[in-house]
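One structure is given here, and the rest of the page talks about it.
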Amino acid sequence: LHLRRNAFDPALSAGLFDSACLKGFVLNGKRMYDGRLSVYDLGTGLVPEVRGRRLSSALFSFLFPLLRQNGIEAWVLEVIRTNTRAVRLYDSLGFRITREFSCFSIDRKKLEVQEKVKAEAADIDALPAFYDSPPSFQNSRQAVKDAGGYAAVRVKDYASALFNPM
């Protein structure tokens, strides 16, 4: 679901192999975002034994010209600020912080669901936009559509909320 929701495009992604063994990857999804043809980094990773060799930089350096050749205007990614190695990597590659998100969670056992409604993906366009700033790439209206719809939930003592089905 994560790959579908974020429009995974293997032609704009890369893997790092040692013989036939995958040692690292950058997975990208592609769609219009914020008015530009964009890719979103769905995930970047290296197995522990190859970390510290600048191989993430090599993967990104391989992808930059490929993305330009494919008309990509922006490369969007999210990183947790405390992942300082990743922050340094992205900074060294020319990425810049454009905004910050707050992440919240709650134990599902504390939620008393009063009502669940499943809606079709096309129905999301009928909903008003209740946000003060645009949602992230992975929570955009198109991402919800690509995931196949959404669930509206009313929870006791909490406001109604929309969730991508997981």
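Numbers here are sequence positions counted from 1.
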Exercise answer: donor-acceptor pairs, residues 56-74 side-chain atoms, under 3.5 Å, sequence neighbours excluded:
residue	atom	partner	partner atom	Å
Ser61	OG	Ser57	O	2.9
Asn70	ND2	Leu66	O	2.8
Glu73	OE2	Leu37	N	2.9

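- Cluster membership for Phe101 and Tyr40, using ILVMFWY side-chain heavy atoms within less than 4.5 angstrom, is not shared.
- Expressed to the nearest 0.5 Å, how far NZ of Lys30 lies from CG of Asn6 amounts to 14.5 Å.
- In the hydrophobic clustering, where aliphatic and aromatic side chains (Ile, Leu, Val, Met, Phe, Trp, Tyr) are joined below 4.5 Å either directly or transitively, Leu22 groups with Phe17.
- Nearest approach of Phe137 to Arg31, heavy atoms of both residues: CE2-NH1, 3.1 Å.
- Residues Leu89 and Phe25 are members of separate hydrophobic clusters, defined by side-chain heavy-atom contacts under 4.5 angstrom among Ile, Leu, Val, Met, Phe, Trp and Tyr.
- Checked against side chain to side chain contact (heavy atoms under 4.5 Å, CB included), Leu55 has the following partners two or more places apart in sequence or in another chain: Leu16, Leu46, Val50, Arg53.
- Hydrophobic clustering, with ILVMFWY side chains joined whenever heavy atoms are under 4.5 angstrom apart, groups Tyr90 together with Val26.
- Contacts classified as salt bridge (Lys or Arg N to Asp or Glu O under 4.0 Å) and involving residues 92-104 (residues at least two apart or in different chains) are given here: Arg81-Glu100, Asp91-Arg96.
- To the nearest 0.5 Å, atoms CZ (Phe8) and CG (Asn28) are separated by 8.5 Å.
- Asp18 meets the side chain to side chain contact (heavy atoms under 4.5 Å, CB included) test with Lys23; sequence neighbours excluded.
- By the 4.5 Å side-chain criterion applied to Ile, Leu, Val, Met, Phe, Trp and Tyr, Ile80 is assigned to no cluster and stands alone.
- Tracing side-chain contacts under 4.5 Å through hydrophobic residues (I, L, V, M, F, W, Y), one never reaches Leu42 starting from Leu77; they form parts of separate clusters.
- Placement of Met32 and Val39 within a single hydrophobic cluster is found when ILVMFWY residues are connected by side-chain heavy-atom separations under 4.5 Å, directly or transitively.
- The environment of CZ in Arg54 is sparse: at most 12 heavy-atom neighbours from other residues, nucleotides or ligands sit within 6.0 Å.
- Remark: Leu27 CG to Asp9 CG distance equals 11.0 Å, nearest 0.5 Å.
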